[in-house]
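Lettering follows sequence order; numbering is per chain, from 1.
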Number of protein chains: 2
Amino acid sequence: MAISFTEENYLKVIHRLSEATSEDISTNAVAELMQTKAASVTDMLRKLAEKGWVNYQKYQGVRLSVEGEKIALSIVRKHRLWEVFLVDKMGFNWDEVHEIAEQLEHIESDQLINKLDEYLGFPKTDPHGDPIPNKEGILPELAYSHLSDIKATKTCKLMGVAQDSAVFLQLLTKLNLSLGAKLDIQEINEFDRSIFVSINDASPIFISHEVAKNILVKILA
Amino acid sequence: MAISFTEENYLKVIHRLSEATSEDISTNAVAELMQTKAASVTDMLRKLAEKGWVNYQKYQGVRLSVEGEKIALSIVRKHRLWEVFLVDKMGFNWDEVHEIAEQLEHIESDQLINKLDEYLGFPKTDPHGDPIPNKEGILPELAYSHLSDIKATKTCKLMGVAQDSAVFLQLLTKLNLSLGAKLDIQEINEFDRSIFVSINDASPIFISHEVAKNILVKILA
DNA sequence: AATAATTTTTAGATTAACCTAAAAAATAAA
DNA sequence: TTTATTTTTTAGGTTAATCTAAAAATTATT
Ligand SMILES: [Mn+2]
Ligand SMILES: [Mn+2]
Ligand SMILES: [Mn+2]
Ligand SMILES: [Mn+2]
């Protein structure tokens with residue numbers, strides 16, 4: 001069945017919200033991420049339900065159907081593969097690729113995306129550490145911790161970020177933080193929960209709790 | 001000023017028609033290429049004129065303005081660079097790339113297209129031999145001849161095709177005809193204007209006038 | 001349990017891009 | 001130079017996606 005860019009974006013947003021919770025997704029939550037009004041969302045949810053891509057009963061919130069989930073994952077796959085292409089092959093920085101990928105994710109050609117996947121060497125994660133669903137739409141669970149949840153004196157490795165915004169990513173770059181960076185947590189300040197941390201064995205610096213919340217790490221020791 | 005995919009496609013079509021003639025372009029000609037109705041074209045021409053991208057007076061036909069020409073050329077540039085990408089990097093055949101490029105040509109990012117250009121080694125022509133406008137929108141005039149216009153006994157080189165359709169390109173592939181092929185014209189039959197020609201020094205075969213009309217060549221001897 | 005606040009849906013419009021059918025203008029033929 | 005044919009435009013509608021304002025349902029608070 002034919003699908004529009006707008007419908008694809010709705011499915012993607014519902015998918016994103018569903019990852020954070022097992023509850024039904026509210027009209028307002030969708031409206032906020034779609035940057036539109038609740039009334040418009042209601043219209044669209046009815047249409048998506050009609051097409052069988054979501055389960056929706058008015059006033060009860062919305063969930064993706066199996067079919068809807070499949071579509072959403074294929075868009076996520078395209079978005080993240082294109083992000084890898086933009087960084088690895090085109091030489092963009094990780095804070096420059098999200099907006100372009102928002103456009104490229106709607107290009108329709110299974111052949112193209114599978115060839116692209118191969119060309120990129122079947123990457124498992126995108127430039128922000130987010131997992132890339134495979135051809136069958138299976139998303140490897142990576143299960144990383146937020147840096148804000150780690151105790152002092154631990155050593156960990158930066159595996160991803162919980163946010164794609166350019167301002168945030170540019171700040172990380174300024175802090176010399178990129179995928180794979182080694183983090184030695186020296187101390188966590190009780191007052192503002194800021195973290196005193198050594199990055200790649202350099203002299204330690206302070207990182208705010210707000211930033212730490214959006215950094216995903218794997219504990220090494 | 002914001003531009004829609006549809007508006008971009010109209011400008012591209014008007015540009016294509018303008019290449020073949022110095023006359024004003026008719027509503028019907030645009031309708032045919034856009035696969036839409038004349039009434040819809042009239043609506044759109046008024047809108048494009050409003051935005052300053054075409055010069056249009058009712059019943060008088062349409063021409064691109066300087067600004068419109070610039071936009072059209074930037075879309076042609078994107079289309080052809082993406083086609084090179086699809087063939088050279090993704091491993092598609094020349095008859096598989098046009099439809100995908102129709103989608104990719106609307107991706108908006110000057111940075112991306114210039115990086116892509118560099119990545120591809122600043123190609124001068126696309127996989128069909130069509131010239132690629134440079135960053136400034138300058139389209140190198142290539143001035144090739146149609147194979148159907150060449151006299152017997154001449155030798156020439158296949159430089160491009162006058163049509164992107166998959167059926168046509170697949171036929172050329174079957175005939176072992178691709179960009180750069182050497183053509184020795186043995187004889188032209190008066191009856192049906194078919195051409196008896198040797199391709200890359202193989203034993204000569206017959207090529208219909210219809211096919212020859214869509215093959216662009218450079219005369220070598 | 002009644003009332004207040006919040007969330008969600010409906011009602012009614014708007015805009016872009018398209019359509020069909022009819023009218024008007026331009027071009028060709030008699 | 002009338003008349004016929006073709007081309008183009010106008011008139012009036014449709015569909016997708018959006019909006020604002022008002023009504024209805026749900027949830028939270030006395
Ligand atoms: Mn992204
Ligand atoms: Mn990403
Ligand atoms: Mn093409
Ligand atoms: Mn081409």
If you measure only the distance, is there a donor-acceptor pair under 3.5 Å linking the side chains of [X] and [Y]?
| X | Y | answer |
| --- | --- | --- |
| A:Ser26 | A:Asn28 | no |
| A:Ser65 | A:Asn55 | no |
| B:His106 | B:Asn9 | yes |

Length of the [atom1]-[atom2] vector between [X] and [N], whole Å:
| X | N | atom1 | atom2 | result |
| --- | --- | --- | --- | --- |
| B:Tyr59 | D:dT10 | OH | C1' | 8 Å |
| A:Asp24 | D:dT26 | CG | C1' | 14 Å |
| A:Met34 | D:dC19 | CE | P | 10 Å |
| A:Leu45 | C:dT10 | CG | P | 11 Å |
| A:Glu32 | C:dT7 | CD | P | 11 Å |
| B:Asp43 | D:dA11 | CG | P | 11 Å |
| A:Leu48 | D:dA16 | CG | P | 12 Å |
| B:Ile3 | C:dT15 | CD1 | C1' | 17 Å |

As a test of reading the structure: which of D:dT18, C:dT9, D:dT10 is closest to the side chain of A:Met44, going by heavy atoms? D:dT18
Indicate whether OP1 or OP2 belonging to [N] is found under 4.0 Å from a side-chain N or O atom of [X].
| X | N | answer |
| --- | --- | --- |
| B:Arg46 | D:dT9 | no |
| B:Thr36 | C:dC19 | yes |
| B:Tyr56 | D:dT9 | yes |
| A:Thr27 | C:dT9 | yes |
| B:Lys58 | D:dT7 | no |
| A:Asn28 | C:dT8 | yes |

Students often get this wrong, so: under 4.0 angstrom with heavy atoms, is [X] touching a base, only sugar-phosphate, or nothing?
| X | result |
| --- | --- |
| A:Phe5 | nothing |
| B:Ser40 | base |
| A:Thr42 | base |

Evaluate the ring planes of B:Trp82 and A:Trp82, with Trp represented by its six-membered ring, and classify them as parallel (under 30°), tilted (30 to 60°) or perpendicular (over 60°). perpendicular
Using the closest heavy atom to pick a nucleotide of DNA chain D for each, name whichever of A:Ser4 or A:Lys37 lands nearer the 5' end.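 By nearest-heavy-atom nucleotide position, the 5'-most residue is A:Ser4.
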From the options B:Gln163, B:His79, B:His128, select the one residue that forms a side chain to side chain donor-acceptor pair (under 3.5 Å) with B:His98. B:His79
